[in-house]
Undergrad: 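Pasting a structure here, questions to come.
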Number of protein chains: 2
Amino acid sequence: MEALESIQVMRFPRDKVLFRAGEHCQGLPLMLSGSVKVQMTGVSGNSIVLYRMAADDICTLSIGCLMTGHGYRAEAFVEEESEAAMVPRGLFDRLMDQSADFRLGIMESYGRRLDDLMLLVEEVAFRRMDERLEEWLQARRSPIHITHQEIGVELGTAREVVSRLLKELERKGRVKLSRGRIDVTGL
Amino acid sequence: MEALESIQVMRFPRDKVLFRAGEHCQGLPLMLSGSVKVQMTGVSGNSIVLYRMAADDICTLSIGCLMTGHGYRAEAFVEEESEAAMVPRGLFDRLMDQSADFRLGIMESYGRRLDDLMLLVEEVAFRRMDERLEEWLQARRSPIHITHQEIGVELGTAREVVSRLLKELERKGRVKLSRGRIDVTGL
DNA sequence: GGGGTCAGTGTGACTTTATCACTGAACGGG
DNA sequence: CCCGTTCAGTGATAAAGTCACACTGACCCC
């Protein structure tokens, strides 16, 4: 009854901005379907993708913002059309109080985020960019429709670096480049 | 009654290893005092400090390991002599069920970790090493007793890089270097 | 359909950081 | 005092980041 009036299922189209850095939390999204990309922009203006949320994830950043009253430190973009249940604070507290399953879900979301970020730190700090780029390419289905700039944000590096590494791969005959598109031929 | 028999307060001396990568969780430490450093070692063998735990933090990594059964991905060292309450799984579940305060504490711990890691990703991905080193030096009280190797792990870079940057700072008259010690003279 | 605009890409020049290999200096224990 | 070990310094080279600018394909619009 109370849940019925307070919970709200929303549908977000591709490219919709869920929140931006500095904004305050407007509700706690519990993902039902789709995919949301969370990224961060440094003072330098460079950005990097931190992690992605998918079905059953709750936005852990929103929990933090809700509880501390701070603004978001990152920004979130819808990558694939998504549905999310927007859980208000009161309901969240009640669910935490009453449902072990809900608590488990929250903890799992937090666990995934922590894991994602730890792996990311290691990647960014120690791994070579050419390896990371190749892995990233291999993890997609060719042809890939994306700009070098966007790949740069995925990997947390500069557009020029991506362009050069891709050109090198093209010279080796592993990819074929065209504007806004990469055909992976042999990796 | 039950808490009395199942909870156990432990005292850890400086340099004690709380856990290592790959090990399985032996209990959920809830920090009462002191400071514990959590760091990660990449396949390359390089290490980086991820964050620190202090009083009132619960080890979020342990929660994850406990729930998924996976081994730790990082390692934890006691920096300042610490006390921690080791909370067994059953008690943890009961506390989560019954204490809103406990739940809040858990969420705050998770929030801090997430925040720490997000900031770290940005630092490592985009900030210049000389700036980061200077900030790190300024955040301590001179003289600092530490090796260049250890500073490298703090910042996630190589020992040689730290040595060179420090030498440069010494040339500028901002620090004075000696074996295992740095005197910050003017920053 | 020619010209203009603009996002996307290519690349040279240079700086910063990482890696490798090696040297020498400082310290500590027998 | 000698010797082994840890710590620090440094040259050479490679990888990555930054800055500046040229080029090009796609699209629009008259």
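Residue numbering restarts at 1 for every chain, and letters A, B, ... go by the order of the sequence lines. In this text the structure is predicted, and so the values were computed from the model without any measurement.
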Undergrad: How close or far is atom C1' of C/dG24 from atom NZ of B/Lys167, stated in whole angstroms?
TA: 13 Å
Undergrad: From CD of B/Glu170 over to P of D/dA8, roughly how many Å is that when rounded to an integer?
TA: 12 Å
Undergrad: Is the NZ or CZ atom of A/Arg113 both under 6.0 Å from the centre of the six-membered ring of A/Tyr51 and within 45° of that ring's axis?
TA: yes
Undergrad: Quickly work out the A/Asp130 CG to C/dA18 C1' distance and round it to whole Å.
TA: 13 Å
Undergrad: Specify the closest pair of heavy atoms between A/Ala74 and A/Leu50, including all atoms of both residues, with the distance to one decimal.
TA: CB-CD1, 4.3 Å
Undergrad: Which of residues 149-162 of chain B sit near DNA chain C, with a heavy atom under 4.0 Å from it?
TA: B/Thr157, B/Glu160, B/Val161
Undergrad: With sugar-phosphate meaning primed atoms plus P, OP1 and OP2, does B/Arg128 contact a base, only sugar-phosphate, or nothing at under 4.0 Å between heavy atoms?
TA: sugar-phosphate
Undergrad: How many Å lie between CD on A/Glu123 and P on C/dA18, as a whole number?
TA: 16 Å
Undergrad: Considering only side-chain heavy atoms of B/Arg164, which listed nucleotide, D/dA16, C/dT11, C/dA18, is closest?
TA: C/dA18
Undergrad: Taking A/Arg174 first and then A/Glu134, would you say they form a salt bridge - that is, a charged N and a carboxylate O separated by under 4.0 Å?
TA: yes
Undergrad: Salt bridge or not for B/Arg89 and B/Asp93, using N-O below 4.0 Å?
TA: yes
Undergrad: Can you confirm if the NZ or CZ of B/Arg140 lies within 45° of the ring axis of B/Trp136 and under 6.0 Å from the centre of its six-membered ring?
TA: yes
Undergrad: Are the charged groups of B/Glu135 and B/Arg127 less than 4.0 angstrom apart, N to O?
TA: yes
Undergrad: Check nucleotides 23-28 of chain D for protein N or O atoms closer than 3.5 Å to its own N or O atoms and list the pairs.
TA:
unit_1 : atom_1 : unit_2   : atom_2 : d
D/dG25 : N2     : A/Arg179 : NH2    : 3.2

Undergrad: What is the distance, to the nearest angstrom, from the CZ atom on A/Arg171 to the C1' atom on C/dT11?
TA: 10 Å
Undergrad: Can you name the nearest heavy-atom pair linking A/Arg52 to A/Glu79, along with the distance?
TA: NE-OE1, 2.8 Å
Undergrad: Please report, rounded to the nearest Å, how far the C1' atom of C/dA18 is from the CZ atom of B/Arg132.
TA: 14 Å
Undergrad: Looking at B/Arg103 and B/Met96, would you say the former's side chain and the latter's main chain have a donor-acceptor pair under 3.5 Å?
TA: yes
Undergrad: Is the closest basic N to carboxylate O distance between A/Arg20 and A/Glu75 below 4.0 Å?
TA: no
Undergrad: Counting only side-chain N and O atoms of B/His148, is one of them less than 4.0 Å from OP1 or OP2 of D/dT6?
TA: no
Undergrad: Starting at the 5' end of DNA chain C, which residue's closest nucleotide do you reach first, B/Arg127 or A/Thr147?
TA: A/Thr147
Undergrad: Can you pull out how bent the helix from C/dG1-D/dC30 to C/dG30-D/dC1 is, comparing the axes over its first five and last five pairs, to 10°?
TA: 20°
Undergrad: Tell me: CD of A/Glu131 to C1' of D/dA14, nearest whole Å?
TA: 14 Å
Undergrad: For A/Phe126 and C/dA18, give me the distance from atom CZ to atom P, rounded to whole Å.
TA: 9 Å
Undergrad: Does A/Ser82 use its side chain to pair, donor to acceptor, with the backbone of A/Ser35 at less than 3.5 Å?
TA: yes
Undergrad: In a check of side chain to side chain donor-acceptor pair (under 3.5 Å) between B/Glu81 and each of B/Arg11, B/Arg14, B/Lys16, which one passes?
TA: B/Arg11
Undergrad: Between B/Ile58 and B/Met53, what is the shortest heavy-atom contact and its length?
TA: O-SD, 4.2 Å
Undergrad: Does A/Asn46 place a side-chain N or O at less than 4.0 Å from the phosphate oxygens OP1/OP2 of D/dG17?
TA: no
